[in-house]
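Just below is one structure, and these are the notes that go with it.
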Amino acid sequence: MTMPSPPVSRARIAPFGLVLLAIASIAWGLNWSVSKALLSEWPPLSARGSTGIVGALLLAGIAVWRGESLRVPHHQWLHLVVLAGLNVFGWMAFVGLSLLWLPAGEAAVIAFTMPVWAAGLAWLILGERLSMQRIVAMLMAFAGIAALMGGGGLAASAEKLPGIALALLGGFGFALGTVLAKKFGLTLPLVTSSAWQIGIGCVPVLLLGLIFESPHFAALTPLGWGLLAYVVLVGFCIAYVCWFAALKQLPASVAAIGTMAVPVIGVVSSAIALREPLGVMQIAALVFTLAGVALATRG
(Lines give C-alpha, C1' and ligand atoms only; values in the text may rest on other atoms or scores of the structure.)
Protein backbone atom coordinates (compact mmCIF):
# COMPACT_ATOMS: atom_id res chain seq x y z
CA MET A 1 0.00 0.00 0.00
CA THR A 2 1.42 3.36 -1.00
CA MET A 3 1.21 6.05 1.63
CA PRO A 4 0.18 9.50 0.33
CA SER A 5 2.92 12.12 0.34
CA PRO A 6 2.49 14.76 3.04
CA PRO A 7 1.62 18.22 1.74
CA VAL A 8 4.50 20.64 1.37
CA SER A 9 4.37 22.98 4.35
CA ARG A 10 5.04 26.64 4.08
CA ALA A 11 8.35 27.77 5.57
CA ARG A 12 7.64 29.22 8.99
CA ILE A 13 8.67 32.80 9.71
CA ALA A 14 10.26 32.79 13.17
CA PRO A 15 9.48 36.06 15.03
CA PHE A 16 12.86 36.10 16.78
CA GLY A 17 14.52 35.62 13.39
CA LEU A 18 12.79 38.80 12.20
CA VAL A 19 14.08 40.65 15.28
CA LEU A 20 17.63 39.52 14.49
CA LEU A 21 17.18 40.51 10.84
CA ALA A 22 15.93 43.95 11.89
CA ILE A 23 18.96 44.49 14.16
CA ALA A 24 21.37 43.51 11.38
CA SER A 25 19.59 45.74 8.84
CA ILE A 26 19.57 48.75 11.17
CA ALA A 27 23.24 48.24 12.06
CA TRP A 28 24.27 47.97 8.40
CA GLY A 29 22.00 50.86 7.42
CA LEU A 30 23.56 53.19 9.99
CA ASN A 31 26.97 51.92 8.88
CA TRP A 32 26.29 53.55 5.50
CA SER A 33 26.48 57.10 6.85
CA VAL A 34 29.32 56.12 9.20
CA SER A 35 31.34 54.81 6.26
CA LYS A 36 30.64 57.96 4.24
CA ALA A 37 31.93 60.12 7.08
CA LEU A 38 34.95 57.87 7.60
CA LEU A 39 36.02 58.16 3.95
CA SER A 40 37.22 61.69 4.64
CA GLU A 41 39.83 60.31 7.05
CA TRP A 42 40.68 56.77 5.93
CA PRO A 43 40.54 54.89 2.58
CA PRO A 44 37.72 52.31 2.22
CA LEU A 45 39.52 48.97 1.81
CA SER A 46 41.98 49.67 4.64
CA ALA A 47 39.17 50.81 6.92
CA ARG A 48 36.95 47.81 6.19
CA GLY A 49 39.76 45.27 6.31
CA SER A 50 41.36 46.49 9.54
CA THR A 51 38.08 46.96 11.41
CA GLY A 52 36.90 43.55 10.27
CA ILE A 53 40.01 41.82 11.58
CA VAL A 54 39.75 43.64 14.92
CA GLY A 55 36.07 42.67 15.08
CA ALA A 56 36.91 39.04 14.33
CA LEU A 57 39.55 38.98 17.09
CA LEU A 58 37.05 40.52 19.50
CA LEU A 59 34.44 37.89 18.64
CA ALA A 60 37.03 35.14 19.02
CA GLY A 61 37.87 36.47 22.49
CA ILE A 62 34.18 36.50 23.40
CA ALA A 63 33.82 32.92 22.15
CA VAL A 64 36.74 31.74 24.32
CA TRP A 65 35.35 33.67 27.30
CA ARG A 66 32.03 31.85 26.78
CA GLY A 67 33.85 28.54 26.82
CA GLU A 68 33.42 27.89 23.09
CA SER A 69 36.10 26.10 21.10
CA LEU A 70 37.60 27.92 18.12
CA ARG A 71 38.52 24.61 16.48
CA VAL A 72 36.97 24.06 13.06
CA PRO A 73 36.15 20.45 12.09
CA HIS A 74 38.31 19.41 9.15
CA HIS A 75 35.35 18.69 6.88
CA GLN A 76 33.89 22.20 7.40
CA TRP A 77 36.93 24.28 6.47
CA LEU A 78 36.05 24.45 2.77
CA HIS A 79 32.48 25.52 3.54
CA LEU A 80 33.74 28.15 5.98
CA VAL A 81 36.18 29.65 3.46
CA VAL A 82 33.55 29.69 0.70
CA LEU A 83 31.01 31.49 2.92
CA ALA A 84 33.64 33.97 4.13
CA GLY A 85 34.64 34.71 0.54
CA LEU A 86 31.05 35.31 -0.58
CA ASN A 87 29.46 36.98 2.47
CA VAL A 88 32.39 39.12 3.63
CA PHE A 89 35.24 39.50 1.14
CA GLY A 90 33.24 39.55 -2.09
CA TRP A 91 30.59 41.95 -0.81
CA MET A 92 33.00 44.44 0.76
CA ALA A 93 35.70 44.34 -1.92
CA PHE A 94 33.62 44.20 -5.11
CA VAL A 95 30.90 46.64 -4.06
CA GLY A 96 33.52 48.96 -2.53
CA LEU A 97 35.62 48.95 -5.70
CA SER A 98 32.55 49.53 -7.89
CA LEU A 99 32.43 53.05 -6.40
CA LEU A 100 35.54 53.90 -8.42
CA TRP A 101 33.33 53.85 -11.56
CA LEU A 102 29.82 54.45 -10.18
CA PRO A 103 28.05 57.02 -8.01
CA ALA A 104 27.10 55.55 -4.63
CA GLY A 105 23.38 55.59 -5.48
CA GLU A 106 23.79 53.64 -8.71
CA ALA A 107 26.13 51.14 -7.04
CA ALA A 108 23.57 50.56 -4.29
CA VAL A 109 20.72 49.98 -6.74
CA ILE A 110 22.76 47.39 -8.65
CA ALA A 111 24.19 45.67 -5.57
CA PHE A 112 20.77 45.41 -3.94
CA THR A 113 19.53 43.25 -6.78
CA MET A 114 20.88 40.66 -4.32
CA PRO A 115 17.40 39.56 -3.11
CA VAL A 116 16.39 38.79 -6.71
CA TRP A 117 19.36 36.44 -7.08
CA ALA A 118 18.80 34.99 -3.58
CA ALA A 119 15.14 34.19 -4.24
CA GLY A 120 15.99 32.37 -7.47
CA LEU A 121 18.97 30.54 -5.97
CA ALA A 122 16.94 29.52 -2.89
CA TRP A 123 14.34 28.00 -5.23
CA LEU A 124 16.99 26.15 -7.28
CA ILE A 125 19.29 25.02 -4.45
CA LEU A 126 17.04 24.78 -1.38
CA GLY A 127 13.67 24.17 -2.98
CA GLU A 128 12.13 27.19 -1.23
CA ARG A 129 8.72 28.08 -2.64
CA LEU A 130 8.75 31.42 -4.42
CA SER A 131 5.21 32.56 -3.70
CA MET A 132 3.44 35.35 -5.56
CA GLN A 133 3.42 37.34 -2.32
CA ARG A 134 7.22 37.24 -2.09
CA ILE A 135 7.59 38.10 -5.77
CA VAL A 136 5.34 41.15 -5.34
CA ALA A 137 7.16 42.11 -2.11
CA MET A 138 10.53 41.86 -3.84
CA LEU A 139 9.36 44.00 -6.77
CA MET A 140 7.89 46.62 -4.41
CA ALA A 141 11.07 46.85 -2.35
CA PHE A 142 13.33 46.99 -5.40
CA ALA A 143 11.18 49.64 -7.09
CA GLY A 144 11.32 51.74 -3.93
CA ILE A 145 15.10 51.46 -3.75
CA ALA A 146 15.44 52.37 -7.42
CA ALA A 147 13.32 55.48 -6.86
CA LEU A 148 15.14 56.32 -3.64
CA MET A 149 18.66 55.98 -4.99
CA GLY A 150 18.42 56.78 -8.65
CA GLY A 151 15.10 58.18 -9.72
CA GLY A 152 16.60 59.29 -12.99
CA GLY A 153 17.55 55.73 -13.88
CA LEU A 154 20.96 54.14 -14.31
CA ALA A 155 22.96 55.89 -16.99
CA ALA A 156 24.96 52.98 -18.35
CA SER A 157 28.02 53.73 -20.43
CA ALA A 158 31.19 51.98 -21.47
CA GLU A 159 33.12 53.82 -18.75
CA LYS A 160 30.75 52.49 -16.07
CA LEU A 161 30.78 48.84 -17.19
CA PRO A 162 33.56 47.76 -14.77
CA GLY A 163 31.63 49.27 -11.85
CA ILE A 164 28.35 47.69 -12.96
CA ALA A 165 30.04 44.29 -13.28
CA LEU A 166 31.69 44.57 -9.84
CA ALA A 167 28.45 45.65 -8.11
CA LEU A 168 26.53 42.81 -9.77
CA LEU A 169 29.26 40.35 -8.80
CA GLY A 170 29.21 41.52 -5.18
CA GLY A 171 25.41 41.30 -4.99
CA PHE A 172 25.25 37.88 -6.65
CA GLY A 173 28.04 36.58 -4.40
CA PHE A 174 26.28 37.71 -1.23
CA ALA A 175 23.06 36.11 -2.47
CA LEU A 176 24.85 32.84 -3.17
CA GLY A 177 26.51 33.00 0.24
CA THR A 178 23.12 33.55 1.87
CA VAL A 179 21.68 30.43 0.22
CA LEU A 180 24.77 28.26 0.75
CA ALA A 181 24.84 29.20 4.44
CA LYS A 182 21.42 27.54 4.71
CA LYS A 183 22.55 24.54 2.67
CA PHE A 184 25.89 23.95 4.43
CA GLY A 185 24.48 24.38 7.94
CA LEU A 186 27.78 24.96 9.74
CA THR A 187 27.81 23.24 13.14
CA LEU A 188 30.19 25.78 14.68
CA PRO A 189 28.86 27.90 17.56
CA LEU A 190 27.41 31.17 16.27
CA VAL A 191 30.04 33.55 17.69
CA THR A 192 32.89 31.25 16.63
CA SER A 193 31.50 30.90 13.11
CA SER A 194 31.07 34.68 12.82
CA ALA A 195 34.62 35.32 14.02
CA TRP A 196 36.11 32.93 11.48
CA GLN A 197 34.04 34.17 8.55
CA ILE A 198 34.74 37.85 9.26
CA GLY A 199 38.44 37.22 9.87
CA ILE A 200 38.97 35.05 6.78
CA GLY A 201 37.00 37.46 4.60
CA CYS A 202 38.73 40.62 5.83
CA VAL A 203 42.37 39.52 5.55
CA PRO A 204 42.46 39.85 1.73
CA VAL A 205 40.51 43.12 1.94
CA LEU A 206 43.17 44.58 4.24
CA LEU A 207 45.99 43.26 2.04
CA LEU A 208 44.44 44.95 -1.00
CA GLY A 209 44.13 48.15 1.03
CA LEU A 210 47.77 48.06 2.05
CA ILE A 211 48.81 47.48 -1.58
CA PHE A 212 46.65 50.09 -3.31
CA GLU A 213 45.97 52.64 -0.54
CA SER A 214 48.03 54.68 1.91
CA PRO A 215 46.31 54.59 5.32
CA HIS A 216 47.87 56.62 8.13
CA PHE A 217 46.74 56.43 11.74
CA ALA A 218 47.92 60.01 12.24
CA ALA A 219 45.17 61.16 9.86
CA LEU A 220 42.43 59.93 12.22
CA THR A 221 40.72 62.50 14.43
CA PRO A 222 38.89 61.54 17.65
CA LEU A 223 35.71 61.41 15.54
CA GLY A 224 37.46 59.09 13.10
CA TRP A 225 38.46 56.74 15.90
CA GLY A 226 34.86 56.75 17.11
CA LEU A 227 33.61 55.90 13.63
CA LEU A 228 36.11 53.04 13.40
CA ALA A 229 34.89 51.77 16.78
CA TYR A 230 31.30 51.78 15.48
CA VAL A 231 32.30 49.76 12.42
CA VAL A 232 34.10 47.19 14.60
CA LEU A 233 31.48 46.79 17.32
CA VAL A 234 28.25 47.34 15.41
CA GLY A 235 28.96 47.00 11.69
CA PHE A 236 30.85 43.73 12.12
CA CYS A 237 30.34 42.14 15.54
CA ILE A 238 26.66 42.83 16.17
CA ALA A 239 25.42 42.97 12.57
CA TYR A 240 27.10 39.81 11.27
CA VAL A 241 26.29 37.74 14.38
CA CYS A 242 22.62 38.77 14.08
CA TRP A 243 22.64 38.12 10.33
CA PHE A 244 24.08 34.62 10.63
CA ALA A 245 21.66 33.88 13.48
CA ALA A 246 18.70 35.16 11.43
CA LEU A 247 19.69 32.88 8.53
CA LYS A 248 19.30 29.87 10.81
CA GLN A 249 15.68 30.80 11.55
CA LEU A 250 14.35 32.37 8.33
CA PRO A 251 13.96 31.25 4.71
CA ALA A 252 16.88 32.57 2.67
CA SER A 253 14.59 34.55 0.36
CA VAL A 254 12.86 36.30 3.28
CA ALA A 255 16.19 37.20 4.92
CA ALA A 256 17.49 38.57 1.62
CA ILE A 257 14.40 40.70 0.98
CA GLY A 258 14.65 42.02 4.54
CA THR A 259 18.09 43.47 3.79
CA MET A 260 16.46 45.86 1.31
CA ALA A 261 15.71 47.99 4.36
CA VAL A 262 19.47 48.63 4.66
CA PRO A 263 19.78 51.34 1.96
CA VAL A 264 16.55 52.94 3.20
CA ILE A 265 17.98 53.27 6.71
CA GLY A 266 21.24 54.45 5.19
CA VAL A 267 19.57 57.27 3.28
CA VAL A 268 17.57 58.41 6.33
CA SER A 269 20.61 58.29 8.64
CA SER A 270 22.69 60.19 6.07
CA ALA A 271 19.99 62.86 5.84
CA ILE A 272 20.01 63.26 9.62
CA ALA A 273 23.74 62.92 10.34
CA LEU A 274 25.27 64.29 7.13
CA ARG A 275 22.46 66.70 6.13
CA GLU A 276 21.96 65.01 2.78
CA PRO A 277 18.69 65.89 0.99
CA LEU A 278 15.54 63.90 1.81
CA GLY A 279 12.50 65.18 -0.08
CA VAL A 280 8.88 64.11 -0.39
CA MET A 281 9.59 61.72 -3.30
CA GLN A 282 12.38 60.06 -1.36
CA ILE A 283 10.16 59.63 1.69
CA ALA A 284 7.44 58.09 -0.50
CA ALA A 285 9.99 55.67 -2.00
CA LEU A 286 11.19 54.85 1.52
CA VAL A 287 7.66 53.94 2.64
CA PHE A 288 7.11 51.85 -0.51
CA THR A 289 10.32 49.91 0.08
CA LEU A 290 9.53 49.21 3.73
CA ALA A 291 6.00 48.12 2.73
CA GLY A 292 7.57 45.53 0.42
CA VAL A 293 9.85 44.28 3.18
CA ALA A 294 6.90 44.06 5.58
CA LEU A 295 4.89 42.08 3.00
CA ALA A 296 7.74 39.61 2.54
CA THR A 297 8.07 38.94 6.27
CA ARG A 298 4.39 38.16 6.75
CA GLY A 299 5.03 34.60 5.69
Side-chain angles (χ1 to χ4, degrees), residues 11-14 16-29 31 52 76 78-96 108-131 134-135 137-139 141-142 145 166-188 190 193-194 196-198 200-202 235-236 238-265 289 292-293 296-297 299:
R12 179 176 175 271
I13 307 297
F16 186 59
L18 295 179
V19 172
L20 293 168
L21 178 60
I23 294 172
S25 296
I26 292 171
W28 279 331
N31 199 56
Q76 291 200 352
L78 179 59
H79 290 170
L80 189 68
V81 172
V82 169
L83 293 179
L86 294 171
N87 289 325
V88 182
F89 169 74
W91 177 258
M92 290 195 302
F94 293 141
V95 176
V109 172
I110 297 170
F112 273 89
T113 57
M114 182 270 287
V116 179
W117 310 120
L121 290 169
W123 173 64
L124 289 172
I125 298 174
L126 303 177
E128 287 188 7
R129 187 169 70 90
L130 191 57
S131 66
R134 288 184 189 168
I135 293 174
M138 187 165 53
L139 292 175
F142 184 68
I145 288 177
L166 286 168
L168 281 173
L169 187 60
F172 182 83
F174 196 90
L176 182 59
T178 297
V179 174
L180 291 181
K182 297 284 290 185
K183 182 176 178 62
F184 292 160
L186 295 177
T187 59
L188 292 171
L190 178 62
S193 175
S194 301
W196 276 114
Q197 289 189 60
I198 293 172
I200 293 172
C202 284
F236 279 106
I238 294 177
Y240 268 103
V241 168
C242 288
W243 169 248
F244 292 139
L247 279 181
K248 291 180 179 294
Q249 303 190 41
L250 298 173
S253 56
V254 172
I257 294 172
T259 62
M260 297 183 98
V262 172
V264 173
I265 297 168
T289 301
V293 172
T297 56

*Is Q197 reaching over with its side chain to a backbone N or O of N87, donor-acceptor style, under 3.5 angstrom?*
no
*CD on Q249 to CG on L21, rounded to 0.5 Å*: 11.0 Å
*Check the pair T259 / T178 against side chain to side chain contact (heavy atoms under 4.5 Å, CB included), numbers first and verdict last.*
CA-CA 11 Å; T259 62; T178 297; over 6 Å; no
_G52 to C202 - nearest heavy-atom pair and separation_ = CA-SG, 3.4 Å
*asked:* Which label fits F236 and Y240: parallel for a plane angle under 30°, tilted from 30 to 60°, or perpendicular past 60°?
replied: parallel
*For the residue pair L121 and A175, what are the closest heavy atoms and their distance?*
CD1-C, 4.2 Å
*If every non-hydrogen atom of S193 is compared with every non-hydrogen atom of L188, which pair is closest and at what distance?*
CB-CB, 3.9 Å
_For I265 versus S25, what's the shortest heavy-atom pair and its separation?_
CD1-O, 3.7 Å
*Step by step, work out the side chain to side chain contact (heavy atoms under 4.5 Å, CB included) result for L80 and L186.*
CA-CA 8 Å; L80 189 68; L186 295 177; 3.8 Å; yes
*asked:* Could you measure the distance from the CH2 atom of W243 to the CZ atom of F174? Nearest 0.5 Å is fine.
replied: 5.0 Å
*Could you tell me how the ring of F184 sits relative to the ring of H79: parallel (under 30°), tilted (30 to 60°) or perpendicular (over 60°)?*
parallel
_Considering all heavy atoms, the nearest L126-A252 contact_ = CD1-CB, 4.1 Å
*Measuring from F89:CZ to L83:CG, what's the distance to the nearest 0.5 Å?*
15.0 Å
*For C242, the option from L247, L20, V19, I26 that meets side chain to side chain contact (heavy atoms under 4.5 Å, CB included)*: L20
_Are the side chains of I200 and V88 in contact, using a 4.5 Å heavy-atom criterion?_
no
*Criterion side chain to side chain contact (heavy atoms under 4.5 Å, CB included) on W117 and L168, from CA distance to verdict*: CA-CA 10 Å; W117 310 120; L168 281 173; 4.1 Å; yes
_Main-chain N/O of G171 paired to W91 side chain as donor or acceptor, under 3.5 Å_ = no
*Write down the atom of L190, the atom of F244, and the distance for their closest heavy-atom approach.*
CD1-CB, 3.8 Å
*State the CG-CG distance between L169 and L176, to the nearest 0.5 angstrom.*
10.5 Å
